[in-house]
Amino acid sequence: MQSKLNLVEPRIAVKADAYVFDIDGTILVTRDLVHWNGLHKAMLEVYGVDTTIEGIPYHGKTDIGILRAALERCGIGGSAFERGLPEARAVICREVSAHATEILGDVCPAIPELLLELSASGKLLGIASGNLEIVGWHKVNAARVREFFSFGCFGDHSESRSEIFANAISEIKRRLGSDARACFIGDTPEDIRAARHVQAQIVAVSTGTYSRQELASLTPDGCCRSCTEMLGSLR
Ligand SMILES: [Mg+2]
């Protein structure tokens, strides 16, 4: 017989001065092809290959990492990849900006409520995402939560999520002092690993593609099915 205790969800015991959110799978799940088409256009225009990111395990990867993986599959790597990168970034941003009003997303449960609660209690709120900056802010705008965030760290010049998270930590320390405590909120194993790498707290949320069990096995500080479970829990 299953003990009643096993059915009790563990409380999330996180205290932080700043909360830093991932975008895809954490703030919203997009249902459009705007970002996908931007990557396709960049590969076609800049590298001359008619390919897509289909089949690339892109969840948790940065935009540049996704582009690199898709192009390597077509035999384009190394210096040929690097040479085209500035132009490829520009094409992605141009395309996503031109179609920004077509970004359709399901905002993840309780995201507006959680952001309202955290900002009312004076927490610094930021974004840490592998998206290119322009792309990321367009998605945050589409989710109608832009006004909550004071800063964002993105993947324009970094393929490593740990580096993006380290930039977020620097920004938090610059604004709040060196003792400031940070907590990241993300939906992939990469978010958990990157937060550990920068010695920050992390609450994982299974509103993206990974299950709660998969995320919990990496022992984040908290693990939720959705941000609903975080309401009233983050101090
Ligand atoms: Mg994500």
Side-chain angles (χ1 to χ4, degrees), residues 19-36 38-39 53 55-70 92 96 103-112 114-115 125-146 148-149 151-156 158-169 182-198 200-218 220-230:
Y19 286 89
V20 185
F21 288 72
D22 165 60
I23 299 176
D24 295 301
T26 301
I27 289 180
L28 83 168
V29 176
T30 50
R31 285 182 279 110
D32 59 84
L33 289 174
V34 173
H35 194 182
W36 173 286
L39 290 158
I53 63 168
I56 301 288
Y58 52 81
H59 298 288
K61 267 198 165 72
T62 64
D63 276 12
I64 304 302
I66 294 165
L67 206 57
R68 185 190 291 278
I92 297 167
V96 173
I103 297 175
L104 290 174
D106 293 323
V107 178
C108 295
I111 279 288
L114 182 63
L115 292 171
L125 299 177
I127 293 285
S129 161
N131 284 188
L132 298 180
E133 178 162 9
I134 287 173
V135 176
W137 286 130
H138 278 308
K139 290 182 187 175
V140 173
N141 269 327
R144 301 181 185 279
V145 290
R146 175 66 184 90
F148 291 107
F149 298 101
F151 73 93
C153 295
F154 295 90
D156 298 65
S158 177
E159 259 179 87
S160 145
R161 189 163 287 266
S162 297
E163 212 172 286
I164 296 167
F165 278 32
N167 292 339
I169 296 289
C183 178
F184 289 85
I185 296 171
D187 71 304
T188 66
E190 282 71 15
D191 293 296
I192 300 172
R193 291 188 197 106
R196 291 289 175 243
H197 194 258
V198 299
Q201 303 170 95
I202 169 85
V203 178
V205 61
S206 60
T207 39
T209 49
Y210 291 90
S211 71
R212 191 173 173 279
Q213 277 115 316
E214 284 173 293
L215 296 168
S217 71
L218 296 166
D221 298 281
C223 197
C224 302
R225 282 181 189 85
S226 82
C227 285
T228 312
E229 292 170 40
M230 291 181 217

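Computation of the quantities below employed the complete heavy-atom set of this structure, encompassing side-chain atoms and omitting hydrogens, waters and symmetry-equivalent molecules. Just follow the structure's listing: the first ligand is 1, and inside any ligand the first atom is 1.
- Between the side chains of Asn131 and His138, no donor-acceptor pair of N or O atoms lies under 3.5 Å.
- Residues Thr207 and Val29 fail the side-chain proximity criterion, which asks for heavy atoms closer than 4.5 Å.
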* Asked: Does the pair Leu67 and Ile92 meet the rule for a side-chain contact (heavy atoms from CB on, under 4.5 Å), with working shown?
  -> CA-CA 10 Å; Leu67 206 57; Ile92 297 167; 4.2 Å; yes

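- Classified by interplanar angle (parallel below 30°, tilted 30° to 60°, perpendicular above 60°), the ring pair Phe149/Phe21 is perpendicular.
- Counting heavy atoms from C-beta outward, Ser158 and Thr62 have side chains that stay 4.5 Å or more apart.
- Dense packing is recorded around CG of Leu33, with more than 12 heavy atoms of other residues, nucleotides or ligands lying under 6.0 Å away.
- Legend: protein N/O/S atoms lying under 2.8 Å from the Mg ion (ligand 1), waters omitted, number 3.
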